[in-house]
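Note on naming: letters A, B, ... go to the chains in the order of the sequence lines (proteins, then strands), and numbering restarts at 1 for each one. Because the structure is a prediction, the values reported are computed rather than measured. Worth knowing before you read on, the calculation uses all heavy atoms, side chains too, and leaves out hydrogens, waters and symmetry mates.
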There are 4 protein chains.
Amino acid sequence: MSEPVGIAGDQLRAIVERIEKVEEEIKELTEGKKEIYQEAKANGFDVKILREVIRVRKQDQEQRDEQESLLDAYLEAIKVVPKVKKAA
Amino acid sequence: MSEPVGIAGDQLRAIVERIEKVEEEIKELTEGKKEIYQEAKANGFDVKILREVIRVRKQDQEQRDEQESLLDAYLEAIKVVPKVKKAA
Amino acid sequence: MSEPVGIAGDQLRAIVERIEKVEEEIKELTEGKKEIYQEAKANGFDVKILREVIRVRKQDQEQRDEQESLLDAYLEAIKVVPKVKKAA
Amino acid sequence: MSEPVGIAGDQLRAIVERIEKVEEEIKELTEGKKEIYQEAKANGFDVKILREVIRVRKQDQEQRDEQESLLDAYLEAIKVVPKVKKAA
DNA sequence: CACTGGAAAATGCCGC
DNA sequence: GCGGCATTTTCCAGTG
């Protein structure tokens, strides 16, 4: 009765386990994040505002990334490629 | 231009950086997860079903956890505490 | 002062009223639920445990539903459709 | 083996069933609400704004209720009670 | 009345 | 590109 589904079964099992492992790690980090917020709150910070700070900074970063890629486009258009970009 | 908000500035900065670091790590893991799904798909697996398998397994686990906590609640209600629970 | 927005006004009004009516009904039911808990408490039941019982039973049901939908997904994936599913 | 828990068991069962029935009804209404939003969207309304309209109207209503109860307080203070208030 | 946990909403993402 | 799905965030009820 063992191995009824054959090779694909093993493969499936491996995939499922890998995904579950990653999700477990994500869950731990998420809990860690929650704890940081709790700690901040305990130190008198307003969590809601703190979240907004994070959000705004993320947006800023995205804008900066956009600008940078726009700059890349310009540079490429005039044939002066930057040395490195980032890992794909 | 330096130290505009004074007192809590350093603390705030530290908190924000810690959160952003954790979020960065989460993001990387999430991308890793995505790649696993892609890879599975490339190997002929049905991603939709795969997701559903993961979900059902997760619910199984949660189910078990909650049954356990329900039992704990019963036991506590009738004053028969279990010897050990779990590591905090 | 009457009919300020014109065309879609009536339609919008109708939508808003329908939603508000439904929300009103939900609110009443929620209050009814609260009363049942209070009554149970007055009869000596432990509300906390009661809630947990309800929760676990709900999850049981969801579990069953998802198992079923997973099965459906499998059957569909291997092209063996079940005869009937459920009333839309 | 039947009826191991006695009278309280029946009572508990009844309570659980009543709660579950109410929750079922709430769930149906909630789904109905969702459908109204979907329908509105299909008719070209912006759901997010629609929600905001509902929210604002609710706030207005609450303010009006507050004002009313304030008025009641005044009236009572000067001994002129209003005919009806609302169902407790 | 502040804190926790659970429901609803907003957002982002992917496939069609 | 749009609608459905998954994740994240926000909100609210319940609890101590």
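If you take CD of D:E31 and P of E:dA7, they are 14 Å apart, rounded to a whole angstrom. Look at NZ on A:K48: it is 16 Å from P on E:dA2, rounded to the nearest Å. Protein atom CD1 of D:I19 is 12 Å distant from nucleotide atom P of F:dG14, rounded to whole Å. If you measure from atom CD1 of D:I54 to atom C1' of E:dA9, you get 14 Å, rounded to the nearest angstrom. For the pair B:E76 CD and F:dG16 C1', the interatomic distance rounds to 14 Å; values are reported in whole Å. Between the C1' atom of F:dC12 and the CZ atom of C:R51 lies a distance of 13 Å, rounded to the nearest Å. Rounded to an integer number of Å, the gap from CD of B:Q38 to P of E:dC13 is 14 Å. We find that CD of B:E66 is positioned 12 Å from P of E:dG5, with the value rounded to whole Å.
Note that CZ of C:R57 is 4.0 Å distant from CD of D:E20, once rounded to the nearest 0.5 Å. D:I36 contributes atom CD1, which lies 10.0 Å from atom CG of D:L50 (distance to the nearest 0.5 angstrom).
Proximity note for B:E23 (side chain, C-beta onward) versus E:dA10, F:dT9, F:dG4: the nearest is F:dT9. You'll find that the side chain of C:K58 is closest to E:dA7, out of F:dT8, E:dA7, F:dT15.
Backbone-only contact: C:V47 has heavy atoms under 4.0 Å from sugar-phosphate atoms and none from a base. Within 4.0 Å (heavy atoms only), A:K34 reaches no atom of the nucleic acid at all. If you check every strand for non-hydrogen atoms under 4.0 Å, A:K41 touches sugar and phosphate atoms only.
Contact between the side-chain N/O atoms of A:K33 and the OP1/OP2 oxygens of F:dT9 is found at a separation under 4.0 Å. Within the 4.0 Å cut-off from OP1 or OP2 of F:dA6, at least one side-chain nitrogen or oxygen of B:R55 is found.
Salt-bridge check for C:R18 with D:E39: passed, with a basic side-chain N closer than 4.0 Å to an acidic carboxylate O.
Donor-acceptor pairing under 3.5 Å is recorded for the side chains of A:Q61 and A:R64.
With a 6.0 Å radius and a threshold of 12 heavy atoms from other residues, nucleotides or ligands, A:R13 has its CZ atom at or below the threshold.
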